[in-house]
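Shown next, in C-alpha cells, is the structure this report addresses.
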Amino acid sequence: MTPADLSRTVLHAVRRAVDENALRAPVPARVRVERTRPGGSGDYACAVALQLAGPAELPALEVARILRERVAAEPGIGRVEITGPGFLSFTLDVPSDSDLAVLDAVREQGIAYGHGGALRDEILQFHHAREVRAAVTAHAVRRLLVSQGARVRISCDEAGDPEWSRLGVTVDAYGTPPVPLPRIRPVPAGATAGELLEQLGADAVRWGLLRPAGHDRAPLGDDLLVQGEANPLFRVRYAHARARALTRGAAALGFTSEPGESLEPVAHEGADLAASEGAAYATHAEPAPYESAYAAHKGAEPLAHAAATPSPPPEAPARPLLDLLADHPGVLLAAARHRAPDRVARQLEAVAHAFFDFHDSCPPLPSGDEKPSAAHRSRLALAEAAGTVLAGGLSLLGISAPAYL
C-alpha cells in the first residue's frame, strides 16, 4: 500500500461513515497522510479527525474512533491507533508490501510515476510579464498541473522573447487579458534569456531559475556549471547517469533486476564493460565522495522498466531512498497545487543524496570475484527506480537527464 493508496482508503472510510450517518460532516476532497515523525507511532499518520471534528460537532477523539473501526478492517492495514488529540496512526500489515508497491508503480509508470488525475476537473489560466524567469516558471507550473490532470493556458503581457523557445517555453496568448488572471510573479532574473543562455546553457538556466522559491532571488552564476558535488544540478543528473550505468554494468555481468532468473554470470564481450565503468571521472572540478563509482558511457540504453520487481532491499541504508520514492507523487501534487516547481527541485536533490548514500553503503554490482546475488538484484531494482524518478522530475522541470556525463 502506497501513501496514495492509504489516503484513498482513509477517504473511503470517511465517506462510509457519512453514508452510514455515523458522521455528519462534509466529505473532504482529499485526505493527507504523512510518514510518522521520529518518536511517533506507526508508519503513517493523519489529522483528518481533527479536520472533521468542528463540522461534525463531535470531539476529535470520537471522530477518530469512528474512522478507526472502518479503516482497521481494510486490506494492508495492520493496526490503527489514536494518538494525541485525535491523530490516526497507521501501521501497515507488512511494511515491505508498501515498498514493493512503490517499486512496482515506478517500474510500471516509468517517468510518469507520480502523475495523476487529482486536478482533472480544473481549467486554469495564468498570466505573466515579458520576463524570462516569469516565463520559465509559468511553463514549469503548467507542466506540473498538466501532470495532475489539469488543463492550463498561459498568457503574457506582450509578444515573447524569441530566445524563450531555446528554453522550451511556449505561450498561448499575448496582450492584456479581458479579465484579471492569476499572475506568475517570481523575482525577476535581471538578465535576458539570450544573455543567460550564452553564459550557462538551457539546462543550467532552467535549474537556476526554478530551484529557488519564486519570492527568492535566483542565483545565476557559473557555479551552475561546476562538475562536482557542490553543484546540486550536477549531483542530480550524475545520480541519474549512475543509475543508467548500473543497469549496463549488471547486463555486462549477466543479470538484471528481474527476480527468478539465473544469477550465474554470463561470459561475453560486454563483461569488460563492468570493469571499465569503474573508472572515476578525472574532470570533476571538486571531487565528490561518490566519484569512485562507475562512470557512465555513451551509447547508453534506457533504464530497464520492463523487469519484474524483486523484494525490496532489507538493508537500513535503503530506507531513506525508499521513503523518498514513496513520497514523490505527493510532492508533485503539492508542487502543482502551490505553483511551486522549486519543491520538485528540492525533492530531486534529496533523492540524489539518498541514492548515493545507499549506493555507497550497499553496492548494486558485485566487485572482484564476488558473484551476483539476490541482494544485488534487489539493490539494482531500487537504484533503477531512483534513476526513473530523477529522470521524470527533471523532465517536469524541462531539464534533460543524460545517460552519461
Side-chain angles (χ1 to χ4, degrees), residues 1-12 14-15 27-35 44 46 48 51 101-102 104-128 134-155 168-172 181-186 206-207 209-211 213-214 236 305 323-351 385-386 388-399 401:
M1 179 176 288
T2 67
D5 293 332
L6 180 56
S7 176
R8 287 190 290 269
T9 297
V10 177
L11 184 58
H12 179 65
V14 174
R15 288 200 183 99
V27 178
R30 63 187 186 280
V31 170
R32 182 179 181 182
V33 298
E34 297 180 328
R35 287 201 173 271
Y44 294 93
C46 175
V48 67
Q51 177 185 346
V102 168
D104 279 339
V106 178
R107 173 181 53 81
E108 292 165 6
Q109 298 170 32
I111 64 170
Y113 172 67
H115 295 202
L119 306 181
R120 60 182 172 273
D121 296 327
E122 297 197 21
I123 302 175
L124 305 165
Q125 182 167 346
F126 298 97
H127 195 74
H128 63 83
V136 169
T137 302
H139 186 254
V141 167
R142 170 158 55 186
R143 282 174 176 253
L144 286 167
L145 287 164
V146 169
S147 78
Q148 304 304 314
R151 287 177 284 175
V152 185
R153 182 178 172 85
I154 300 291
S155 59
V169 171
T170 58
V171 179
D172 299 310
L181 295 173
R183 292 182 69 92
I184 304 293
R185 297 175 180 268
R206 288 190 68 96
W207 180 272
L209 295 174
L210 295 174
R211 170 57 181 83
V236 168
H305 296 303
D323 288 349
L324 285 165
L325 300 187
D327 293 342
H328 187 69
V331 171
L332 295 188
L333 179 57
R337 290 187 186 280
H338 293 278
R339 324 311 189 215
D342 58 288
R343 294 190 179 201
V344 179
R346 289 196 296 273
Q347 166 76 351
L348 298 182
E349 290 180 37
V351 170
T388 300
V389 166
L390 291 169
L394 287 170
S395 176
L396 285 173
L397 299 179
I399 297 171

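Because the structure is a prediction, the values reported are computed rather than measured.
A side-chain contact (heavy atoms from CB on, under 4.5 Å) with L144 holds for exactly one of L119, L333, V344, V152; it is V344.
The shortest non-hydrogen separation linking A391 to I111 is CB-CG2, 3.9 Å. Residues L181 and S155 approach most closely at CD1-OG, 3.8 Å, considering heavy atoms.
If you take OG on S7 and NE2 on H12, they are separated by 13.5 Å, rounding to the nearest 0.5 Å. I123 contributes atom CD1, which lies 13.0 Å from atom CG of L145 (distance to the nearest 0.5 angstrom). To the nearest 0.5 Å, the span separating OG1 on T170 from CD1 on I154 amounts to 8.5 Å. Put simply, CG on L348 and CG on L396 are 8.5 Å apart, with the number rounded to the nearest 0.5 Å. Considering CG of L394 and CZ of R206, their distance stands at 11.0 Å, rounded to 0.5 Å. The distance from atom CG of L11 to atom SG of C46, rounded to the nearest 0.5 Å, is 9.5 Å.
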So D323 and R35, side chain to side chain contact (heavy atoms under 4.5 Å, CB included) or not? Walk me through it.
-> CA-CA 8 Å; D323 288 349; R35 287 201 173 271; 3.1 Å; yes

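Residue pairs meeting the salt bridge (Lys or Arg N to Asp or Glu O under 4.0 Å) criterion with at least one partner in residues 142-151, sequence neighbours excluded, are R142-D172.
Listed for the T9 side chain is a donor-acceptor partner under 3.5 Å among the backbone atoms of D5. Between the Y113 side chain and the L325 main chain, a donor and an acceptor come within less than 3.5 Å of each other. Although no hydrogens or angles enter the test, the distance criterion places a donor-acceptor pair under 3.5 Å between the side chain of Q148 and the main chain of G114. A donor-acceptor pair under 3.5 Å links the side-chain atoms of R339 to the main chain of R337, judged by distance alone.
H139 is linked by a ring-ring contact (aromatic ring centres under 6.0 Å, His included) to nothing, counting only residues two or more places apart in sequence or in another chain. Under the side-chain hydrogen bond (donor to acceptor under 3.5 Å, both in side chains) criterion, E349 pairs with R211, sequence neighbours left out.
No side-chain heavy atom of V146 sits under 4.5 Å from any side-chain heavy atom of H115. Two residues are said to be in side-chain contact when any heavy atoms from C-beta on lie closer than 4.5 Å; V171 and H128 meet this criterion. Contact check for R153 versus L124: no side-chain heavy atoms found under the 4.5 Å cut-off. Using a 4.5 Å cut-off on side-chain heavy atoms (C-beta onward), T137 and L210 make contact.
Within 6.0 Å of the CZ atom in R183, the count of heavy atoms belonging to other residues, nucleotides or ligands exceeds 12.
Between R32 and E34, at least one side-chain N (NZ, or NE/NH1/NH2) sits under 4.0 Å from a carboxylate O, which counts as a salt bridge.
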